[in-house]
Amino acid sequence: MRGRNAILLLAAAAIVVLPLLVVGNAEFSGSDGQAQDLIDRAGYQPWFEPLWEPPSGEIESLLFSLQAALGAGLLGYYIGLRRGRREGRPEDRRTELHAGD
Amino acid sequence: MHIMEGYLPPLHAAAWMVAAAPFVVAGVRRIRRVVDDHPETKLLLATSGAFAFVLSALKIPSVTGSCSHPTGVGLGAVLFGPNAMAVLGTIVLLFQALLLAHGGLTTLGANVFSMAIVGPWVAYGVWRLAAGLGRSFAVFLAAALGNLATYCTTSVQLALAFPDPVTGFGGALVKFLSIFAITQVPLAVVEGILTVVVVNLLVQYSRDELSALAFGTKAMGAK
């Protein structure tokens with residue numbers, strides 16, 4: 001299972017890296033922004049503004065990293081907790097000890 | 001798939017709020033029932049939300065030369081059913097609307113509808129239909145197609161609000177799909193793969209919780 005997960009993660013990483021190699025000189029702007037531009041060009045005026053905007057790109061990336069870190073932290077905590085519980089079960093340990101004899 | 005603040009005419013914004021609300025209410029009920037019946041799955045529920053939280057923060061380059069992000073709602077939809085994700089997805093979208101000016105409050109209904117309702121329902125439907133094809137493949141298809149469905153829904157929402165002056169709804173839909181859907185294909189594959197990895201880990205370490213859920217006995221046996 002562990003080997004299969006490693007292969008899957010490598011495949012995912014390859015799919016992410018591939019565009020950078022193949023179309024490396026592209027702009028890689030966000031698709032949300034592209035749709036927004038298309039609407040802007042048609043002359044639409046948004047009727048409501050965000051209540052608060054991150055004052056700079058740095059602050060924005062801080063908040064995005066925070067979002068990812070919080071999510072990944074909980075995900076890692078959960079998997080680690082369950083893994084520790086499963087591997088720490090007395091019956092599992094017994095078989096391990098036995099296997100080591 | 002985030003429609004920016006103020007970028008839907010008021011009538012459209014209100015209509016999507018009305019359309020999304022019952023699903024969110026049903027989701028609150030569903031979560032209450034899951035937590036009452038299987039309190040041991042509470043942390044797994046939070047983890048499903050956390051998965052959507054991480055994935056929707058990752059902006060990933062695509063072969064079209066633009067960037068987009070996965071949604072991460074397929075995992076929770078497969079584990080807890082689609083309605084639970086209506087609530088968790090709404091929380092993710094609120095965080096992004098309030099702190100990142102990504103999406104918005106006026107467009108929340110539309111964004112919830114695409115990411116937290118259509119995505120999870122498509123994922124759940126695909127999962128039920130494809131369950132016979134083996135667990136990993138079914139999970140992959142569910143998460144990937146749920147992701148794509150979200151972005152197609154956004155394209156429909158924008159095309160309804162901004163039909164092309166010449167070609168109408170159809171022409172606008174093609175334009176928005178060409179921005180969202182093609183970019184999204186490799187990302188949908190990535191989301192499918194990551195969801196399979198997490199499900200593999202859960203099957204390995206959280207068997208008891210999984211068997212308490214709708215994910216159920218059928219999938220546990222399948223390889």
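So you know, we letter chains A, B, ... as the sequences are listed, proteins then strands, and number each from 1.
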Atom pair [atom1] ([X]) and [atom2] ([Y]), whose distance is rounded to the nearest 0.5 Å:
| X | Y | atom1 | atom2 | result |
| --- | --- | --- | --- | --- |
| Thr64(B) | Gln34(A) | OG1 | CD | 7.0 Å |
| Met4(B) | Asp40(A) | CE | CG | 11.0 Å |
| Ile179(B) | Ser29(A) | CD1 | OG | 9.5 Å |
| Thr183(B) | Phe28(A) | OG1 | CZ | 10.5 Å |
| Phe48(A) | Thr107(B) | CZ | OG1 | 10.0 Å |

So, for [X] and [Y], which heavy atoms are closest and what is the spacing to 0.1 Å?
| X | Y | result |
| --- | --- | --- |
| Asp32(A) | His69(B) | OD2-NE2, 4.2 Å |
| Ile79(A) | Leu202(B) | CD1-CD2, 4.1 Å |
| Ile193(B) | Ala11(A) | CD1-CB, 4.2 Å |
| Arg82(A) | Tyr205(B) | CB-O, 3.7 Å |
| Glu53(A) | Ala101(B) | CG-CB, 3.3 Å |

Answer yes or no: is there a side-chain heavy-atom contact under 4.5 Å between Arg207(B) and Arg86(A)?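 The answer is yes; the side chains approach within 4.5 Å.
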Please classify the contact between [X] and chain A as side chain, backbone, both or neither, with a heavy-atom cut-off of under 4.5 Å.
| X | answer |
| --- | --- |
| Leu100(B) | both |
| Leu194(B) | side chain |
| Gln96(B) | side chain |
| Glu209(B) | side chain |
| Pro10(B) | both |
| Ser56(B) | both |

Side-chain donor-acceptor pair present, Tyr78(A), Ser206(B), cut-off under 3.5 Å: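 The criterion, which ignores hydrogens and geometry beyond distance, is satisfied for Ser206(B) and Tyr78(A).
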Can any side-chain N or O of Gln67(A) pair as donor or acceptor with the backbone N or O of Phe53(B) at less than 3.5 Å?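 Yes, because the side chain of Gln67(A) sits within donor-acceptor range (under 3.5 Å) of the backbone of Phe53(B).
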Interface moiety of [X] toward chain B, non-hydrogen atoms closer than 4.5 Å:
| X | answer |
| --- | --- |
| Val22(A) | neither |
| Leu8(A) | both |
| Leu38(A) | side chain |
| Ala35(A) | both |
| Leu81(A) | side chain |
| Ile39(A) | side chain |

How would you list all residue pairs meeting side-chain hydrogen bond (donor to acceptor under 3.5 Å, both in side chains) that involve residues 8-20 of chain A, not counting sequence neighbours?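 Qualifying pairs, neighbours excluded: none.
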Val16(A) and side chain to side chain contact (heavy atoms under 4.5 Å, CB included): which partner among Leu187(B), Leu58(B), Ile60(B)?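 The side chain to side chain contact (heavy atoms under 4.5 Å, CB included) with Val16(A) is passed solely by Ile60(B) among Leu187(B), Leu58(B), Ile60(B).
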Largest heavy-atom contact set with chain B, pairs under 4.5 Å, which of [options]:
| options | answer |
| --- | --- |
| Leu51(A), Leu70(A), Val17(A), Leu63(A) | Leu63(A) |
| Trp52(A), Phe64(A), Tyr77(A) | Phe64(A) |
| Ala26(A), Ser65(A), Ala68(A) | Ala68(A) |

Using 30° and 60° as the class limits, which term best fits the ring planes of Tyr7(B) and Tyr44(A): parallel, tilted or perpendicular?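 Because their plane-to-plane angle lies in the 30° to 60° range, the rings of Tyr7(B) and Tyr44(A) count as tilted.
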Flag the one option from [options] with the top tally of heavy-atom pairs under 4.5 Å to chain A.
| options | answer |
| --- | --- |
| Pro61(B), Pro9(B), Ser68(B) | Pro61(B) |
| Thr154(B), Thr106(B), Leu158(B) | Thr106(B) |
| Gly72(B), Gly192(B), Ala97(B), Ser62(B) | Ser62(B) |

Tell me, yes or no, whether the heavy-atom count around Phe137(B) atom CZ, taken from other residues, nucleotides or ligands under 6.0 Å, exceeds 12.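 No, the 6.0 Å shell around CZ holds no more than 12 heavy atoms from other groups.
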Just checking Leu21(A): does its CG atom have more than 12 heavy atoms from other residues, nucleotides or ligands closer to it than 6.0 angstrom?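 More than 12 heavy atoms, drawn from other residues, nucleotides or ligands, come within 6.0 Å of this atom.
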Residue-level contacts of residues 41-52 of chain B with chain A, using a heavy-atom cutoff under 4.5 Å: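 Counting heavy atoms that sit under 4.5 Å from chain A, the residues of residues 41-52 of chain B involved are Leu43(B), Leu44(B), Ala46(B), Thr47(B), Ala50(B), Phe51(B).
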